[in-house]
Amino acid sequence: MENLWQRIVENLFGRLDGPLHFRFVVQPLMAVIYAVLDGIRDAKQSKPAYFRALLANPGNRKELLKDGWKHAGKVFLLGVALDIIYQVKVFHRFYPIEMLIVALTLAVVPYLLLRGPINRIISTRRISKQ
């Protein structure tokens with residue numbers, strides 16, 4: 001088990017300077033762009049912060065996840081595809097757990113962390129202008 005975690009950590013850090021390392025900039029950037037656009041849309045529609053609403057409002061969770069997946073899912077699937085290409089090229093194998101870690105970290109996490117704060121920033125500016 002220790003060898004498994006050691007391999008995962010080594011492989012994850014190896015991705016930082018190997019082939020396709022540009023995705024460590026491109027994927028989070030795409031997630032940020034979608035988060036900003038969705039956060040602005042949420043603020044204009046007076047919706048609550050996305051991540052907070054996900055956690056606090058189980059009645060709308062399915063709808064919220066569907067809405068978030070519409071954009072973050074595109075970046076996630078791109079991340080999955082790029083990581084599969086990377087793994088086949090570098091390791092000549094496929095490690096699904098590593099692929100999920102990389103794709104979630106580069107696509108979903110930035111989206112979840114930024115959509116709500118962007119909403120609050122835009123909402124606060126709209127209120128202060130009135």
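Everything quoted here is computed from the prediction, not taken from an experiment.
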Review point. Roughly how far apart are L78 CG and L106 CG, rounded to 0.5 Å?
Key: 10.0 Å
Review point. Rounded to the nearest 0.5 Å, how far apart are CD1 of I84 and CD of E98?
Key: 12.5 Å
Practice item. Heavy atoms only: give me the nearest A31-A107 pair and the separation to one decimal. Key: CB-O, 3.2 Å
Check your understanding: Going through the checks in order, is the side-chain contact (heavy atoms from CB on, under 4.5 Å) test met by Q87 and R15?
Key -> CA-CA 9 Å; Q87 288 185 30; R15 286 170 168 81; 3.0 Å; yes
Exercise for review: Run the numbers on R115 and R41 for side-chain contact (heavy atoms from CB on, under 4.5 Å), then give the verdict.
Suggested key: CA-CA 10 Å; R115 182 174 172 176; R41 187 189 70 217; 3.1 Å; yes
Check your understanding: Testing W69, Y50, F51 for side-chain contact (heavy atoms from CB on, under 4.5 Å) with L64, which one passes?
Key -> Y50
Practice item. Please lay out, stage by stage, how L37 and H71 fare under the test side-chain contact (heavy atoms from CB on, under 4.5 Å). Key: CA-CA 10 Å; L37 293 173; H71 289 129; over 6 Å; no
Check your understanding: Counting only heavy atoms not in F22, do more than 12 fall under 6.0 Å of its CZ?
Key -> yes
**Study point:** Pairwise distance CD1(I40) to CD1(I122) - rounded to 0.5 angstrom
**Key:** 5.0 Å
Exercise for review: State, with a plain yes or no, whether a side-chain heavy atom of I97 is found less than 4.5 Å away from one of L4.
Suggested key: no
Review point. Under the criterion side-chain contact (heavy atoms from CB on, under 4.5 Å), which of K62, E63, R61 is the partner of L65?
Key: R61
Exercise for review: With the side chain counted from C-beta on, respond yes when Y86 and R23 share a heavy-atom pair under 4.5 Å apart, and no when they do not.
Suggested key: yes
Check your understanding: Going by atom types only, do D83 and Y95 share a side-chain donor-acceptor pair under 3.5 Å?
Key -> no
Exercise for review: Compare all side-chain heavy atoms of V36 with those of L114 and state whether any distance is below 4.5 angstrom.
Suggested key: no
Exercise for review: Assess whether atom CG of L16 is packed by more than 12 heavy atoms of other residues, nucleotides or ligands within 6.0 Å.
Suggested key: yes
Review point. Could you walk me through whether K66 and K70 pass the side-chain contact (heavy atoms from CB on, under 4.5 Å) check?
Key: CA-CA 6 Å; K66 191 175 179 180; K70 184 170 55 176; over 6 Å; no
Exercise for review: Look at atom CZ of R7 and say whether more than 12 heavy atoms of other residues, nucleotides or ligands are closer to it than 6.0 Å.
Suggested key: yes
Review point. Hey, do the aromatic rings of F76 and Y111 have their centres closer than 6.0 Å?
Key: no
